[in-house]
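Counting convention: from 1, in listed order, for ligands and their atoms alike. Position 1 is the first residue of the sequence, and the numbers go up from there.
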Amino acid sequence: MSDTVLLERKGRVALLTLNRPQALNALNSELLTTLCAHLDTLSEDESVGCVVITGSEKAFAAGADIKEMSDKTYIEMKNADHFGRRFNALKDTKLPMIAAVSGFALGGGCELAMICDFIIASETAKFGQPEIKLGVIPGMGGTQRLTRAVGKAKAMDLVLTGRMMDAQEAERSGLVARVVPSDKLLETALSAAEAIASYSRPTVVTAKEAVNRAFETTLSEGLHYEQRVFYPLFATEDQKEGMAAFTEKRPPDFKHR
Ligand code: CO8
C-alpha cells in the first residue's frame, strides 16, 4: 500500500495520517485510492471501534490535487467521479470517524473532514471551499454538507468568496465540535476515539445512524425513526450490562465491542 496514507493501530482505534507533506496533503488519486482501501479494510475489521483521520501540523489537506486535475477533460473527470461517489458512500459506513484537523482544510480537504462524523480542530485550523478561485465549485459534497453544517449565509459566504475561516469561527458556526491547542489535537482526538471504541458497538452504530437520519428526513419521521431504533436496544446484553454497571457503581464491560 502506498505511503501517502499511514495507518497505525492504537488498541481499538485506527489512526490514518495523510502523508504528502510536499503538497500540503493534496488529495491526488494515489492518496485517495490508498485512503479508500484503508477505510474498506477497517470497516470490515470488528476489532476497530473508531477511526481518526489526521494530516500534518501545517495541513490536514489543501484540497484535491490541482496539478493532477488541471489538464483533465470532462470525460476524464467523469471517470474519476468514483472518488466522489466512494466518499459520499462513506456516510453509510458503520465505522465512527473523527477528523483531527490542524492547518489547512481546504476544498476536498474540508469535504473529507466533513465526511467524518465530527471534527476536532487545533487553534491553527483554517477551513474553506476556495474552488471558485480556480473556476470550479466544490465537487465532493462541499455545497451540501457545509450548508447543512453552517447554514446558508455562512456557506454562501465561503463558497462564493472562497475565503478561509479560522477554527474559532468554524466552531461558532457549527462546523467543528471542539477547538483545542495544537499540541493537544491528536491526544484529544484519540481519547474521544477510545471512548467511542469502548462502548457497545451496536449502540454506537445505532446512535450514529439516528443522528445522520436527521439530515435525511423530516422531524416527525426522524423522531419516529429514533423510537423505532431506541426500544430494540433493550433486547441487547449491553443495555443490561450498561445499566447494571451504573447501579453497581462499576465500569461497564460491554460484550459487543
Ligand atoms: N494541489 C496541488 N498542490 C498543492 C495544493 C493543491 N490543492 N495545495 C498546495 N499545493 C502545493 C503547492 O503547489 C506547493 O508545491 P511547490 O512547492 O511544488 O510549489 C506546496 O504544496 C506548498 O504550497 P504553497 O507554497 O502554496 O504554501 P503556502 O503556505 O504559501 O499556501 C495554501 C498554502 C494557501 C493552502 C495554498 O497552497 C493554496 O491555496 N492551495 C490550494 C488550495 C485550493 O485551492 N484547494 C482547492 C482545490 S480544488 C478541490 O479541492 C475540488 C475538490 C473536488 C474534487 C472532485 C473529485 C471527484
| Nearest-contact summary for atom 24 (P) of ligand 1 - protein heavy atom, Å | Leu24 CD1, 4.4 Å
| said: Just to confirm my output: which protein heavy-atom neighbour is closest to atom 1 (N) of ligand 1, and how far is it? | reply: Ile66 N, 2.9 Å
| request: Quick one: list whatever passes salt bridge (charged side-chain N to carboxylate O under 4.0 Å, His left out) with Lys240, sequence neighbours left out. | output: none
| query | Taking distance alone, with no angle check, do Ala62 and ligand 1 share an N/O pair under 3.5 Å? | reply | yes
| atom 48 (S) of ligand 1 [closest protein heavy-atom partner, distance rounded to 0.1 Å] | Leu134 CD1, 3.7 Å
| Under-4.0 Å heavy-atom contact between protein and atom 26 (O) of ligand 1 | no
| query | Could a heavy atom of Gln22 be found less than 4.0 Å from some atom of ligand 1? | reply | yes
| Under-4.0 Å heavy-atom contact between protein and atom 37 (O) of ligand 1 | yes
| Step-by-step side chain to side chain donor-acceptor pair (under 3.5 Å) determination, Thr124 to Glu57 | CA-CA 8 Å; Thr124 64; Glu57 197 175 335; over 6 Å; no
| message | When you measure from the side chain of Asn25 to the backbone of Ala59, do you find a donor-acceptor pair of N or O atoms at a distance under 3.5 Å? | response | yes
| message | Applying a strict under-4.5 Å side-chain criterion to I, L, V, M, F, W and Y, I'd like to know whether Leu106 and Leu146 cluster together. | response | no
| field | Partner residues of Glu44 under the salt bridge (charged side-chain N to carboxylate O under 4.0 Å, His left out) criterion, sequence neighbours left out | value | none
| query | Of all the atoms in ligand 1, which lie at a distance below 4.0 Å from a heavy atom belonging to Met140? | reply | 55 (C)
| ILVMFWY cluster, Leu24 and Leu27 together (side-chain gap under 4.5 Å) | no
| query | Taking atom types as modelled and ignoring hydrogens, do the side chains of Ser47 and Arg257 form a donor-acceptor contact shorter than 3.5 angstrom? | reply | no
| remark: For Gly108, the atoms of ligand 1 under 4.0 Å from one of its heavy atoms are 49 (C), 50 (O), 52 (C)
| remark: Distance col, row Arg163:CZ vs Thr161:OG1, nearest 0.5 angstrom, shows 6.0 Å
| request: Spell out, as yes or no, whether a donor-acceptor pair under 3.5 Å connects the side chain of Ser200 to the backbone of Asp238. | output: no
| said: A cation-pi test, strictly: NZ or CZ of Arg213 under 6.0 Å from the centre of the six-membered ring of Tyr225 and no more than 45 degrees from its axis. Yes or no? | reply: yes
| request: List the steps and the verdict of side chain to side chain donor-acceptor pair (under 3.5 Å) for Glu30 and Ser2. | output: CA-CA 7 Å; Glu30 185 186 358; Ser2 137; 3.0 Å; yes
| query | Just which atoms of ligand 1 are under 4.0 Å from any heavy atom in Ala23? | reply | 4 (C), 9 (C), 10 (N), 11 (C), 21 (O)
| said: Regarding ligand 1, does Ala64 bring an N or O atom to under 3.5 Å of one of the ligand's N or O atoms? | reply: yes
| Under 3.5 Å donor-acceptor, Asp117 side chain and Ile98 backbone | no
| message | Which residue and atom name correspond to the protein heavy atom nearest atom 39 (O) of ligand 1, and how close is it? | response | Leu106 CD1, 4.8 Å
| Donor-acceptor side-chain pairing of Thr17 and Glu8 below 3.5 angstrom | no
| Does atom 10 (N) of ligand 1 have a protein non-hydrogen atom under 4.0 Å from it? | yes
| note | When distances are taken from atom 34 (C) of ligand 1, the protein heavy atom at minimum range is Met164 CE, 3.9 Å
| task | List the closest protein heavy-atom neighbour of atom 57 (C) of ligand 1: residue, atom name, distance to the nearest 0.1 Å. | result | Gly84 N, 4.0 Å
| Under 4.0 Å from any heavy atom of Glu111, which atoms of ligand 1 are there? | 52 (C)
| task | Look at atom 7 (N) of ligand 1 and say whether a protein heavy atom is found at less than 4.0 angstrom from it. | result | yes
| task | May I ask you to identify the nearest protein heavy atom to atom 53 (C) of ligand 1, giving residue, atom name and distance to one decimal place in Å? | result | Gly139 N, 3.7 Å
| query | Tell me: protein heavy atom nearest atom 18 (O) of ligand 1, and distance? | reply | Lys67 NZ, 3.4 Å
| For ligand 1, is there an atom lying under 4.0 Å from some heavy atom of Lys58? | yes
| How about atom 31 (O) of ligand 1: does it have a protein heavy atom within less than 4.0 Å? | no
